[in-house]
Amino acid sequence: MQNKQFLSSNTRRGSLLLPALLALFVGLTSFIILKKDKPVLYLIGDSTVRNGAGNGSNGQWGWGSFMAGYFDTSKIRVENLAMGGRSSRTFITEGRWDNILSRLKKGDYVLLQFGHNDSSPLDDTARARGTIKGIGSESKEIYNPILKKQEVVYSYGWYLRKYIRDAKAKGATPIVCSPIPRNDWNGDKVKRGSESYARWAREVAQQEGVLFIDLEKGIADQYDVLGKDKVAPLFHGDHTHTSETGARMNAEVVVKGIKDLKKANLRKFLK
């Protein structure tokens with residue numbers, strides 16, 4: 001009699017436990033599927049996109065540190081993988097782009113901004129991070145003292161085209177940004193790179209038929225209105241790296257740029 005009661009009790013517990021386990025399994029499976037299918041917005045660039053660890057520990061911030069706050073992160077994940085000190089060339093030669101490519105999938109987005117470090121020397125013993133000026137097909141073989149090997153260096157435009165074409169091949173959407181302006185002035189107007197990196201970024205985007213945000217113009221226009229004295233607190237420590245206030249303002253310009261891109265599906269993920 002006791003054995004029958006024991007078996008009956010176990011049967012009842014089993015009948016209650018099975019639905020609970022099934023519900024848990026379905027829930028976990030749904031979570032995994034949703035997590036897997038959620039698109040990712042990858043931010044890549046230099047310290048003006050992410051400075052240091054991205055937490056402002058040195059008083060300097062990149063605009064990418066604040067981008068997630070503008071998106072519905074239940075529908076898209078924002079990963080700021082920019083790295084200070086990198087150029088369009090060294091972000092690739094250090095394997096950072098390959099690491100992203102290994103995860104990049106159809107439906108993802110790549111928002112890229114390079115240029116601040118591309119004007120550095122090609123083969124100096126400090127960083128060897130420069131690129132050939134312009135967007136042409138020229139190249140130069142050098143000995144890289146950092147990597148301690150021969151390397152073929154290409155133009156700024158060549159590297160931008162590589163990011164664009166690699167992203168497209170994965171089914172992702174690349175969006176090119178011109179570099180943010182520095183706190184340098186000609187009289188009462190901030191200096192612009194309209195004859196160099198900002199122009200080259202635009203030209204490459206046009207040639208490749210991809211979306212472009214003229215980040216330099218959007219920010220420089222605001223600087224011109226604010227004037228030197230009010231712009232000064234938007235930087236910290238030098239004329240290139242922004243304070244938290246400056247980075248937040250730049251992030252707003254990026255978001256406005258995304259909103260203005262009528263063909264950008266990325267807009268639907270904004271709050």
Heavy-atom distance under 4.5 Å between the side chains of R96 and I100, does that happen here? no
Would you check, one step at a time, whether the test salt bridge (charged side-chain N to carboxylate O under 4.0 Å, His left out) holds for R192 with D224? CA-CA 11 Å; R192 307 185 185 217; D224 287 348; 2.7 Å; yes
Is V40 linked to V49 within one hydrophobic cluster, defined over Ile, Leu, Val, Met, Phe, Trp and Tyr using a side-chain heavy-atom separation of less than 4.5 Å? no
Examine V210 and Y156 and state if one hydrophobic cluster contains both, with Ile, Leu, Val, Met, Phe, Trp and Tyr joined whenever side-chain heavy atoms are less than 4.5 Å apart. yes
More than 12 heavy atoms from other groups under 6.0 Å of NZ on K217: no
Judged by atom type as modelled, is there a donor-acceptor pair below 3.5 Å linking the side chain of S65 to the main-chain atoms of G54? yes
Side chains of I146 and R127 in contact at under 4.5 Å (non-hydrogen atoms): no
If you draw a 6.0 Å radius around CG in D229, do more than 12 non-hydrogen atoms from other residues or ligands fall strictly inside? no
Name the one of Y159, F114, W97 that satisfies ring-ring contact (aromatic ring centres under 6.0 Å, His included) with F91? F114
Would one find more than 12 heavy atoms of other residues, nucleotides or ligands at under 6.0 Å from atom NZ of K148? no
Should Y70 and V254 count as side-chain neighbours, where that means a heavy-atom distance under 4.5 Å? no
Quick one: sort the Y154 and W158 rings into parallel, tilted or perpendicular, breaks at 30° and 60°. parallel
Correct closest heavy-atom pair for L160 and A201 would be CD1-CA, 3.9 Å
Go through the steps to decide whether V253 and W63 satisfy the test side chain to side chain contact (heavy atoms under 4.5 Å, CB included), and finish with yes or no. CA-CA 9 Å; V253 176; W63 55 261; over 6 Å; no
T90 side chain to R129 side chain, donor-acceptor N/O pair below 3.5 angstrom: no
Is there side-chain contact between R103 and E79, with at least one heavy-atom pair below 4.5 Å? yes
Quick check: does any side chain N or O of N117 sit under 3.5 Å from a backbone N or O of R86, one acting as donor and the other as acceptor? yes
Should R248 and E252 count as an ion pair when the cut-off is N to O under 4.0 Å? no
Kindly work out whether a path of hydrophobic side-chain contacts (I/L/V/M/F/W/Y, heavy atoms less than 4.5 Å apart) joins L81 to L111. no
Looking only at heavy atoms, the pair that brings F66 and A251 closest together is CB-CB, 4.2 Å
Side-chain donor-acceptor contact under 3.5 Å, T48 with Q113: yes
For residues T240 and R182, is any side-chain donor paired with an opposing acceptor at under 3.5 Å? yes
Among L104, V78, N80, which residue meets the side-chain contact (heavy atoms from CB on, under 4.5 Å) test with Y42? L104
About how many Å separate CD1 of I44 and CD1 of I92, when rounded to the nearest 0.5 Å? 8.0 Å
Verdict with reasoning, F71 to L270, per side chain to side chain contact (heavy atoms under 4.5 Å, CB included): CA-CA 4 Å; F71 287 88; L270 289 167; 3.6 Å; yes
Side chain to side chain contact (heavy atoms under 4.5 Å, CB included) assessment of T242 paired with M249: CA-CA 10 Å; T242 46; M249 189 193 88; over 6 Å; no
Using modelled atom types and a 3.5 Å cut-off, is there a donor and acceptor pairing between side-chain atoms of K170 and backbone atoms of D108? no
Test D260 against every option in K256, K263, K262 by the salt bridge (Lys or Arg N to Asp or Glu O under 4.0 Å) rule and name the one that passes. K256
Would you kindly confirm whether L261 and L266 end up in one hydrophobic cluster when ILVMFWY residues are joined by side chain heavy atoms under 4.5 Å apart? yes
On a heavy-atom basis, which atom in S155 and which in G134 lie closest, and how many Å separate them? CB-O, 3.6 Å
May I ask you to test the N144-T93 pair for a side-chain heavy-atom distance under 4.5 Å? no
Rounded to the nearest 0.5 Å, what separation is found between the OG1 atom of T173 and the CG atom of L211? 7.5 Å
Please report the closest heavy-atom contact between I132 and V153, naming both atoms and the distance. CD1-O, 3.5 Å
Return the minimal non-hydrogen interatomic distance between A264 and I258, and the atom names on each side. CB-O, 4.3 Å
Beyond-backbone contact of I180 with H116, side-chain heavy atoms, under 4.5 angstrom: yes
Side-chain donor or acceptor of K162 paired with backbone N/O of R89 under 3.5 Å: no
Any side-chain heavy atom of S194 within less than 4.5 Å of one from R199? no
Y223-V255 co-clustered via ILVMFWY side chain contacts under 4.5 Å: yes
May I have the step-by-step check of side chain to side chain contact (heavy atoms under 4.5 Å, CB included) for K133 and S196, ending in yes or no? CA-CA 8 Å; K133 291 179 171 56; S196 57; over 6 Å; no
Ignoring hydrogens and angles, tell me if any N or O in the side chain of K271 forms a donor-acceptor pair with the backbone of G69 under 3.5 Å. yes
Restricting to non-hydrogen atoms, name the atom on Q207 and the atom on I135 that form the minimum distance, rounded to 0.1 Å. NE2-CD1, 3.4 Å
4.5 Å side-chain heavy-atom contact, V176 and V204: no
D98 side chain to G95 main-chain N or O, any donor-acceptor pair under 3.5 Å? no
Kindly say whether H241 contributes a backbone atom to a donor-acceptor pair with the side chain of D238 at under 3.5 angstrom? yes
Interatomic distance, CZ@R161 vs CD@E208, rounded to 0.5 Å, equals 6.5 Å
We want to know whether D118 and S87 form a side-chain donor-acceptor pair, criterion being a heavy-atom distance below 3.5 angstrom. no
